[in-house]
Structure formats: C-alpha cells, structure tokens
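Shown next, in structure tokens, is the structure this report addresses.
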Number of protein chains: 2
Amino acid sequence: MSKKEFDLSHFIPYLLNQAAEKSSRDFENIYKIDFGITQAQWRVIANLGKYGTMSSKEIRLKLNQNKTSISRAVYALEEKGLLARKTSEKDRRYEELQLTADGQKMFKQLGKAAITHNQSIFTALGQEDAERLTQILNRMIE
Amino acid sequence: MSKKEFDLSHFIPYLLNQAAEKSSRDFENIYKIDFGITQAQWRVIANLGKYGTMSSKEIRLKLNQNKTSISRAVYALEEKGLLARKTSEKDRRYEELQLTADGQKMFKQLGKAAITHNQSIFTALGQEDAERLTQILNRMIE
DNA sequence: AAATAATAGTTTCACTTGAAACTAATTTCA
DNA sequence: TGAAATTAGTTTCAAGTGAAACTATTATTT
C-alpha cells in the first residue's frame with residue numbers, strides 16, 4: 001500500500017468488511033431461517049450462554065453495541081421465552097438477564113452449528129492462516 | 001476452537017465484523033463529516049477513480065452490493081456534481097458512469113486520507129501481520 | 001417478425017436502525 | 001438533606017435498507 005493511487009483491494013477496513021460479510025453468509029441463514037432470530041439476538045444468546053447472568057449494559061460493552069439494539073434484542077428474546085429478566089436487588093436500575101431452559105437449548109444448538117461453520121472456515125483457509133487470522137483479529141479488537 | 005462450548009471470541013465471522021467496525025471508525029468520520037458522503041458513495045468513487053468508466057452493474061459486482069444501494073449512491077453523486085452518466089451507445093440499458101473533475105478531486109483527497117488511515121493500521125499491527133492479514137483477507141474474498 | 005424471456009437500472013414499501021429524548025433509579029456534592 | 005448530575009434501560013422519530021415490483025431496452029425463441 002505504498003503506491004500513489006488508492007486501491008480498495010489494499011484497504012484493510014474494506015477487506016475486513018467484505019470478508020466479514022462473506023464469512024457470515026451461510027451461518028446467517030441458520031439463525032435467521034432455522035431459528036428465527038436476528039444477529040443481535042444470536043449474539044445476546046451467545047453471551048448469556050457463556051457468562052450466565054449479565055445486565056444489558058455488560059452485554060452492550062462486550063459487543064460494542066448501542067443500547068437501543070440490545071434493548072430490542074432482549075425484549076424480543078423475552079417474548080420468545082428464551083430469556084428471563086429480574087430487576088437487580090442491589091441496584092434497581094439494572095436487570096439481571098439469563099437464558100431460560102429453552103434459551104440454553106438454543107444456545108447449545110446454535111453454538112454447535114457455529115462451531116461447525118467456523119471449522120469449515122478453518123478448513124478453507126488452512127489451519128495455520130486461520131489461527132494467525134484469529135489471533136490478529138483478537139489483537140485488533142483487544 | 002475445538003472446545004465443546006461455543007465462544008464468540010473464536011468465531012471468525014464475529015471477529016471479522018468487530019475488526020471491520022473498529023478499523024473503519026476513524027475513516028468514516030472523514031468521508032461522512034469532512035466530505036459529506038456515505039460509505040456506498042465513497043466506494044463508488046473509489047471504483048470509478050481506479051477504473052475510469054464503469055456501469056452500475058460492474059460496480060455492483062465489484063462491491064458485492066445490491067442494485068438499489070448502488071443506484072442510490074450514483075444518483076446522490078450525480079446530484080452533488082461528482083459523477084456524470086451517459087447512456088451507452090451499444091446497449092441503451094447500460095449507463096456509462098465516470099467521475100467529473102470535482103469527483104476526481106474528491107477521489108484524490110479521500111484516497112490520500114485512506115492511504116494514511118491504512119498506514120496507521122499497518123503501524124498498529126506491525127508490517128508483517130498487516131501484510132499477512134491483507135493477503136488472507138484477499139484470499140477469503142477471492 | 002411477433003411473442004417471450006432476460007437484463008440494467010429505478011421506485012415502492014415495509015422493515016430496521018441508532019441518536020436523542022425520555023423514565024426511573026442511584027450517586028454526588030453543596 | 002435536598003438539588004443536581006449520572007446511570008440503566010425504553011421509546012420516539014427521522015433516515016436508511018433491501019427485496020420485490022416496475023420501466024425500458026435487448027436477446028432469444030417459435
């Protein structure tokens with residue numbers, strides 16, 4: 001990227017964006033069509049599945065998302081019976097969120113599908129590059 | 001990613017998405033605030049700046065974008081006087097798009113800013129990882 | 001050659017999005 | 001203590017989005 005003329009194919013933000021879209025295409029169909037949830041809802045499930053009880057704020061910080069979209073995802077998951085909330089005793093502004101039994105079941109199923117999807121990416125890229133990529137991306141995100 | 005439990009921090013589509021957002025944050029301000037255009041418009045400019053004359057369809061294929069958003073970006077750029085279109089003689093369904101002098105000027109300025117931005121990403125990641133990343137991403141996109 | 005299919009680009013419409021305003025609760029500080 | 005500031009989460013509203021229907025043109029088929 002030291003030439004004079006700009007070229008999108010050397011521009012990392014653009015490349016990341018394209019690769020992100022391409023790499024999630026197949027998996028999107030799974031959570032959207034097979035499970036009937038949105039990306040934001042899937043990510044909330046993924047967090048609660050891993051960490052147990054969390055507040056909306058904690059999820060929002062993990063995901064770098066705005067409050068509105070988390071609020072909406074939490075509401076939708078509650079409506080679907082996948083998530084339960086309870087006002088915190090210590091600070092009644094917070095809500096303690098956790099997956100219901102159905103929510104945990106969905107986390108397990110979707111998690112399995114996600115692992116399979118990720119493995120197919122690893123296979124396509126080759127183990128070494130896939131690991132290096134994972135590591136670089138994690139470093140970028142911190 | 002061979003553990004039993006799913007974890008977003010090993011899931012490549014998620015990591016790519018987060019890295020894409022983070023890496024474009026600063027540059028977004030430049031084209032949005034300083035130049036008053038959207039991401040789609042900037043990408044159209046970047047393509048026309050590099051390739052000269054193109055049709056909407058060619059741009060859409062390069063960018064993996066839907067027709068609607070390209071159509072709107074082209075219209076907006078035309079309104080701003082950054083782009084001119086002319087019905088193709090050979091096939092009057094096509095439009096030959098190209099940047100105006102103002103459009104080329106913006107391409108040069110924004111391209112310069114983009115190169116600077118990219119260099120700062122290279123610096124942050126280190127030359128070697130940044131090059132490897134670029135190469136892996138290009139391979140993913142094909 | 002006329003009818004049908006396909007293609008490039010636009011428009012419509014229902015849905016999504018996020019910033020800002022809002023509510024309710026807690027903390028700060030004067 | 002009581003007023004002002006801060007915080008968690010919700011709602012509103014204006015703008016953005018993309019799939020599907022549409023228009024205009026060209027290609028294919030019969």
Side-chain angles (χ1 to χ4, degrees), chain A residues 17-18 20-22 24-25 28-29 31-33 35-44 47-48 51 53-80 82-98, chain B residues 17-18 20-22 24-25 28-29 31-33 35-44 47-48 51 53-80 82-98:
Chain A
N17 196 72
Q18 294 281 310
E21 274 174 25
K22 180 152 192 201
S24 33
R25 212 158 293 155
E28 257 175 11
N29 287 330
Y31 60 71
K32 281 188 183 157
I33 296 169
F35 290 84
I37 63 174
T38 65
Q39 184 180 73
Q41 289 163 35
W42 147 243
R43 288 182 178 176
V44 168
N47 268 279
L48 291 175
Y51 295 109
T53 304
M54 294 175 93
S55 70
S56 279
K57 189 195 177 187
E58 288 171 306
I59 295 174
R60 164 170 95 66
L61 292 177
K62 277 246 167 263
L63 296 177
N64 297 309
Q65 257 295 346
N66 63 75
K67 357 164 109 184
T68 308
S69 70
I70 301 295
S71 171
R72 289 201 261 245
V74 166
Y75 176 79
L77 291 173
E78 191 185 25
E79 287 293 292
K80 288 173 203 286
L82 298 168
L83 172 157
R85 56 173 127 196
K86 179 172 150 296
T87 302
S88 161
E89 297 290 326
K90 308 207 161 169
D91 185 336
R92 290 167 54 235
R93 289 171 301 186
Y94 281 87
E95 297 186 331
E96 289 160 4
L97 309 175
Q98 48 186 351
Chain B
N17 196 73
Q18 293 282 309
E21 274 174 24
K22 180 154 192 201
S24 33
R25 213 159 290 155
E28 258 175 10
N29 287 331
Y31 60 70
K32 281 188 183 156
I33 296 169
F35 289 84
I37 63 175
T38 65
Q39 184 181 73
Q41 290 163 35
W42 146 242
R43 288 182 178 177
V44 168
N47 268 279
L48 292 175
Y51 296 108
T53 304
M54 294 174 93
S55 70
S56 278
K57 190 197 176 185
E58 289 171 307
I59 295 175
R60 162 170 96 66
L61 292 177
K62 276 245 168 264
L63 296 177
N64 297 308
Q65 256 296 344
N66 63 76
K67 358 165 109 184
T68 309
S69 71
I70 301 295
S71 171
R72 289 201 261 246
V74 166
Y75 175 79
L77 291 172
E78 191 184 27
E79 287 293 293
K80 288 172 202 285
L82 298 168
L83 172 156
R85 57 172 126 197
K86 179 172 150 296
T87 302
S88 162
E89 297 290 327
K90 308 207 161 172
D91 185 336
R92 291 165 54 234
R93 288 171 299 186
Y94 282 86
E95 296 186 333
E96 289 161 3
L97 309 175
Q98 48 186 350

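Throughout, a chain's letter reflects where its sequence line sits, starting with A, and its residues are numbered from 1.
Rounded to a whole Å, the CD atom of A/Q41 is 14 Å from the C1' atom of C/dC15. Counting to the nearest Å, the C1' atom of C/dT23 and the NZ atom of A/K67 are 11 Å from each other. To the nearest angstrom, P of C/dA8 lies 4 Å from OH of B/Y94. A/D91 has its CG atom 11 Å from the C1' atom of C/dA24, to the nearest Å. Per the geometry, CG belonging to A/N64 stands 15 Å off C1' belonging to C/dG18, to the nearest Å. Rounded to a whole Å, the CD1 atom of A/I70 is 13 Å from the C1' atom of C/dT17. In this structure, the CG atom of A/N66 is 8 Å from the C1' atom of C/dT17, given to the nearest Å. Rounded to whole Å, atom C1' of C/dA8 lies 15 Å from atom CE of B/M54.
With sequence neighbours excluded, no residue forms a salt bridge (Lys or Arg N to Asp or Glu O under 4.0 Å) with B/R60. In terms of the salt bridge (Lys or Arg N to Asp or Glu O under 4.0 Å) criterion, B/E58 has no residue partners (sequence neighbours excluded).
Pairing each heavy atom of A/K62 with each of A/M54, the nearest pair is CG-CE, 4.1 Å. Here the closest non-hydrogen pair linking B/Y31 and B/T38 is CE1-C, 3.8 Å. Closest non-hydrogen pair, B/S55 versus B/L97, comes out as C-CD1, 4.0 Å. Between B/R92 and B/T87, the shortest heavy-atom distance links the atoms O-CG2, 3.4 Å. Contact between B/R85 and B/Y75 at its shortest, heavy atoms only, is NH2-CA, 3.8 Å.
Protein chain A contacts DNA chain D over a range whose 5' and 3' limits, counting nucleotides with an atom under 4.0 angstrom from a non-hydrogen atom, are D/dT6 to D/dT12.
When heavy atoms are screened at a 4.0 angstrom cut-off, B/S55 is found touching the sugar-phosphate backbone but no base atom. Nucleic acid contact class of A/S56 (heavy atoms, under 4.0 Å, all strands): sugar-phosphate only. Heavy atoms of A/K57 sit under 4.0 angstrom from primed sugar atoms or phosphate atoms, though from no base atom.
Along DNA chain C, the nucleotide nearest to A/T68 and the one nearest to A/S88 differ in position, and the one closer to the 5' end is contacted by A/T68. For the pair A/T38 and B/R93, nearest-nucleotide mapping onto DNA chain C gives the more 5' position to B/R93.
The base of C/dA8 is not paired with the side chain of B/S71 by any donor and acceptor separated by under 3.5 Å. Contact annotation: side chain of A/R72 to base of C/dG18, donor-acceptor pair present below 3.5 Å.
OP1 or OP2 of C/dA25 has at least one side-chain nitrogen or oxygen of A/R92 nearer than 4.0 Å.
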